[in-house]
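The structure appears right after this line, and notes come after that.
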Amino acid sequence: MNDILRGRLKSSMNKDMARFVSSMNIDGWIFTPDILVNKAHVMMLCEQNIIVKEDCLSILKALDSIKKGGFSSLDTTHEDVHVAIESKVIELAGEVGSRMHTAKSRNDEVATCIRIALRGELLEIMRELIALRNSLLNLADKHINTIMPGFTHLQHAQPTTLAHHLIAHADALKRDFDRIVDAYTRVNLCPLGAGAFASTGFPINRERTAQLLGFDGLIENSMDAVSTRDFAIECISAFANTMVDLSRMAEEFILWNTPEFDFIELDDRYSSVSSIMPQKKNPDALELIRARTGSVYGALQSVLSICKALPYSYNRDLQEATPHLIRATSTLHSSLRVMSGIVDTMQVKSDRMAAAAHVGFITATELADTIVRDAGISFRTAHQIVGTLARNGQKPTLDQIDSIANRIIGKKLSELGLTQASLDKALDPEQNIQIRCIRGGPAPKETLRMAKDRMKQVDSDTKFLDQKVNQIKAALKQMDAPVRER
Ligand code: ARG
């Protein structure tokens, strides 16, 4: 390796030191962005008459050929992808290649590359989130009338429907989507031109490189531009929040897939086996989503800790943040994709869910409400009467209600207006759901309205995403023309 940077130093690094400081093991992530950044930069240098057209064309030609060769064609003994690419440009274009780094530092270069790579990941994550929301809503649409127990403290609480439950998860993912869209607005800003931190005395045009690279604006202050990784922290934080939601869904599906619940059966494609117990069909993918949520928190904690108390501007510590960002990003991608597949293929056992909604005294809340309405007593007193009745865990008869009420308030509720007909209605899980028809409730009419409304959101989010993707494609296309036509 011919080191182009070490003029200041008399000796070269030994192998241990070189490996210790290198970021080449993860720089494949920013290989394409670095080619783009270099192309935009030299095109701008040429437009600003900082380098001559002929040199610009030679450098662009070299960059195009390096792009074709791919990251694997680079000499990995270099300190990072920026040096590896610049060295190769000099090798291919000769001395004129040395002009590429005019008015640029690796500090603004790497910050720009990370933002380009990350915005692409964010757009993909948005797409994956839309797909998962779509999967949940499609399943919800089929199960508007599928009754199941709803839980608090993992105890049977009140009847609900599978649609109501699934839309709740889809709504959480919509908020995750919105958080990522919001983070995107702060990621897609261009630090290029900040130089090492003090910008440059060359008359560069920062708006032009930002525009060529498809950014929506600049990180203006050149010291801020190279110093910050707050955008990475913000993204990993949004990823961690999304993983919380995925892990909660994963945990429920793991429980529902047990013989004890028996609410769903995972498809074989998303199941694993045991090496010793031939009968086993295990939900390993869901367990890994649950576990990797912890790894994403770890990435967030790592980047927060790495960035804490760093004096402005650039420090090499910042290099150490990037692998955590990459790991968190790729974990979220794979978790979202696998979760969509699981939802799309799992078998729902509607009968088992409905049967479970009849177990125990899950309609107790509605009975208390009915007593309030029919017998005119306060909710707290009704709660006490029904709570006492619930001690044996079974649905009560009108006689049992009367005898307990007599003990507690000295009156029979049947004498105050509670009838067998309204008792039967109160104790029927289906009726419980039907009357919870206010906004956001589990009544079929309302969940159907919510499902349709969410599907419309999915459509408009897809349009928004397509527009962002096309905007970037169109910007980058400006740099696509073959060198001879430029
Ligand atoms: N590989 C480095 C990083 O990821 C690039 C910037 C190096 N800059 C420097 N001044 N040493 O941060």
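Just so you know, ligand 1 is whichever comes first in the structure, and atom 1 is the first atom listed for that ligand. All values reported here derive from a predicted model rather than from experimental measurement.
In this comparison of R229, E320, Q319, the heavy atom closest to atom 1 (N) of ligand 1 sits on Q319. Distances from atom 4 (O) of ligand 1 to the heavy atoms of L318, V110, D27, D80 put V110 nearest.
Under the 30°/60° scheme for interplanar angles, the aromatic rings of W256 and F263 are found to be tilted.
Residue contacts with ligand 1 for E109 are absent, since no atom lies close enough (heavy atoms, distance under 4.0 Å). No part of E79 comes within 4.0 Å of ligand 1, judged by heavy-atom distances.
A donor-acceptor pair under 3.5 Å is formed between the side chain of R115 and the backbone N or O of V187. Checked by atom type and distance alone, the side chain of E446 never pairs as donor or acceptor with a backbone atom of G441 at under 3.5 Å. Checking side-chain atoms of R99 against main-chain N and O of V42 turns up no donor-acceptor pair under 3.5 Å.
Geometrically, ligand 1 and N107 share a nitrogen or oxygen pair separated by less than 3.5 Å. Here's the thing with S23: one of its N/O atoms is less than 3.5 angstrom from an N/O atom of ligand 1.
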query = Please walk me through it: do Y184 and F464 pass ring pair (Phe, Tyr, Trp, His ring centres under 6.0 Å)?
reply = CA-CA 13 Å; Y184 180 92; F464 165 85; 7.8 Å; no
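The protein heavy atom nearest to atom 3 (C) of ligand 1 is Y314 OH, 3.3 Å.
Heavy-atom contacts of R316 reach the following atoms of ligand 1: 11 (N) (cutoff under 4.0 Å).
Between K281 and D268 there is a salt bridge, since a side-chain N of the basic residue sits under 4.0 Å from a carboxylate O of the acidic one.
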